[in-house]
Amino acid sequence: MQEAIAKANTLIEAMGWIRRFRGKTTVIKLGGSLLEDKMALMHILLDVVFMESVGMKPVIVHGGGKAISNALAETGVEAKFIRGRRVTDAATLEVVKRVLAGELNEFLTEEMERLGGRAMNLSPHTTNVLFGEKLPTETDEDLGFVGHVTRVDRSVIEGLHYTDQVPIIPSMCEGEDGQLYNVNADTAAMAVAQSLGAEKLVFLSDVNGVRRDKDDSKSIIDSLSAEEARHLIDEGIIEGGMIPKVEACLETLGRGVRKVHIIDGSIRHSLLLEIFTTSGVGTEIHP
């Protein structure tokens, strides 16, 4: 009986958050090592199914760097990077399209439906919703077919929400001439969140959020204002690879998204814990 009461109390705690975010859009950026962890991925997708079931409007934007690197190795194509961005020549682009827009996108859609949800893969193979152009670079740095998003077809995404389906979008965009480009998944998710005026943008990471000590997982900062985040960067408390991620969060807040979250996607049901509990499990950054 006590266990049943505890479950009921959990539902009551979640009710207020469910009512608050019902009908609101949440963009979830998925990628990195999480796509290689089948158990963590299953719990993330279950969370997304739950979110849609209680009236939220989740959108998944995904990368797939490790899967692409593995596929390139199998085909004998050498992976090259400049300042953290994958150099994408014609041969690499074909692998990116096959793995990212094809295999991974289809797998995530099928897995969502296997878990009881409804999903639709939006990609250059089906219905493309991300449009853009070649990413400007320094004159001595040619990244090949690497682009950035300049326009999102929000009508297609919103149409799927009206039919209770979760859009699943790979981080590729199409130019005006039909040329496809490989896009950084963080920036693709930012573009989608900004276009939709999302309530939340959630970066699923392999760390549990912004920490006061990067080596101490218990030093996580639960909530930060944009001003506090900038101050922590200036002080050197936010450092290394977390700086560009937090700066991306700040840029997104400045363009209409209400809140941005950085959470550890390997924690079981981390999405639900972050959104539907008072304490959360990651870092929330707000204006």
Side-chain angles (χ1 to χ4, degrees), residues 14 17-18 20-35 37 40-64 108 112 117 119 152 157 161 166-171 184-211 220-226 229 241-242 244-287:
W17 300 106
I18 290 172
R20 180 174 175 181
F21 300 130
R22 186 170 55 196
K24 303 291 180 63
T25 299
T26 295
V27 175
I28 300 151
K29 183 267 176 172
L30 178 59
S33 58
L34 295 175
L35 288 169
D37 187 335
L41 186 58
M42 182 188 73
H43 287 298
I44 289 167
L45 295 180
L46 274 173
D47 288 0
V48 175
V49 171
F50 180 90
M51 291 166 67
E52 192 282 320
S53 297
V54 298
M56 294 184 70
K57 297 177 179 179
V59 178
I60 293 176
V61 178
H62 69 88
L108 290 170
M112 278 274 295
V152 177
I157 299 172
H161 281 151
V166 177
I168 300 182
I169 306 170
S171 55
N184 175 273
D186 283 357
T187 59
M190 288 166 56
V192 172
Q194 290 161 13
S195 174
L196 297 173
E199 176 74 17
K200 293 178 179 292
L201 169 59
V202 181
F203 289 104
L204 291 172
S205 178
D206 54 3
V207 295
N208 62 342
V210 178
R211 303 171 180 174
I220 183 173
I221 304 170
D222 297 328
S223 180
L224 276 174
S225 69
M242 188 58 74
K245 191 170 289 291
V246 172
E247 287 179 338
C249 293
L250 298 177
E251 180 184 346
T252 304
L253 287 174
R255 297 187 181 181
V257 178
R258 296 285 300 278
K259 292 181 180 179
V260 183
H261 301 254
I262 301 173
I263 64 175
D264 184 353
S266 65
I267 298 174
R268 185 172 176 178
H269 299 308
S270 56
L271 264 175
L272 297 187
L273 291 170
E274 178 66 11
I275 295 172
F276 294 129
T277 64
T278 304
S279 57
V281 294
T283 298
E284 173 190 283
I285 304 177
H286 55 87

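Only this structure's heavy atoms are used, side chains among them; waters, hydrogens and symmetry mates stay out. What you are looking at is a predicted structure, and each value in this text was computed from that prediction instead of being measured.
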Query raised in the report: Between Val257 and Glu199, what is the shortest heavy-atom contact and its length?
Result: CG1-O, 4.4 Å
Report task. Kindly indicate whether the side chain of Ile60, heavy atoms from C-beta on, has any atom under 4.5 Å from the side chain of Leu45. Result -> yes
Report task. Would you check, one step at a time, whether the test side-chain contact (heavy atoms from CB on, under 4.5 Å) holds for Ile275 with Trp17? Result -> CA-CA 7 Å; Ile275 295 172; Trp17 300 106; 5.6 Å; no
Requested in this report: Begin with the C-alpha distance, continue with both residues' side-chain angles, and end with the deciding distance and a verdict on side-chain contact (heavy atoms from CB on, under 4.5 Å) for Leu30 and Leu41.
Outcome: CA-CA 9 Å; Leu30 178 59; Leu41 186 58; 3.7 Å; yes
Query - Spacing of CZ belonging to Arg255 relative to CG belonging to Leu201, to within rounding of 0.5 Å - result: 13.0 Å
Query raised in the report: Nearest heavy-atom pair of Leu250 and Ala229: which atoms, and what distance?
Result: CD2-CB, 4.1 Å
Query raised in the report: Can you find a heavy atom in the side chain of Leu204 that is under 4.5 Å from one in the side chain of Ile263?
Result: yes
Report task. Return the minimal non-hydrogen interatomic distance between Ile157 and Pro167, and the atom names on each side. Result -> CG2-CG, 3.7 Å
Report task. Answer yes or no: is there a side-chain heavy-atom contact under 4.5 Å between Val202 and Thr26? Result -> yes
Report summary line: Tightest non-hydrogen contact, residues Leu253 and His286, listed as CD1-C, 3.7 Å
Report summary line: On a heavy-atom basis, the closest approach of Ala189 and Val27 is O-CG1, 3.9 Å
Query raised in the report: Does Leu35 reach the side chain of Leu108, with side-chain heavy atoms less than 4.5 Å apart?
Result: yes
Requested in this report: Find out whether Lys200 and Glu284 are in side-chain contact, i.e. whether some heavy atom of one side chain is under 4.5 Å from a heavy atom of the other.
Outcome: yes
Query - Approximate separation, where rounding is to 0.5 Å, of Met42 CE and Arg268 CZ - result: 7.0 Å
Query raised in the report: Distance from Asp47 atom CG to Glu52 atom CD, nearest 0.5 Å?
Result: 13.5 Å
Query raised in the report: Can you tell me how far the CG atom of Leu271 sits from the CE atom of Met56, to the nearest 0.5 Å?
Result: 9.0 Å
Report task. Mind listing the closest non-hydrogen atom pair of Gly265 and Ile44 along with its distance? Result -> O-CD1, 3.6 Å
Query - Sub-4.5 Å side-chain heavy-atom contact between Leu272 and Met51 - result: yes
Query - Approximate separation, where rounding is to 0.5 Å, of Ile285 CD1 and Thr252 OG1 - result: 9.5 Å
Query raised in the report: Would you say Arg258 has more than 12 foreign heavy atoms packed within less than 6.0 Å of its CZ?
Result: no
Query raised in the report: How are the rings of His43 and His269 set relative to one another: parallel (under 30°), tilted (30 to 60°) or perpendicular (over 60°)?
Result: perpendicular
Query raised in the report: At what distance, to the nearest 0.5 angstrom, does OG1 of Thr283 lie from NE2 of His261?
Result: 10.0 Å
Requested in this report: Compare all side-chain heavy atoms of Met190 with those of Lys29 and state whether any distance is below 4.5 angstrom.
Outcome: no
**Report entry** Contact check, side chains of Val281 and Ser270, non-hydrogen atoms, under 4.5 Å
**Finding:** yes
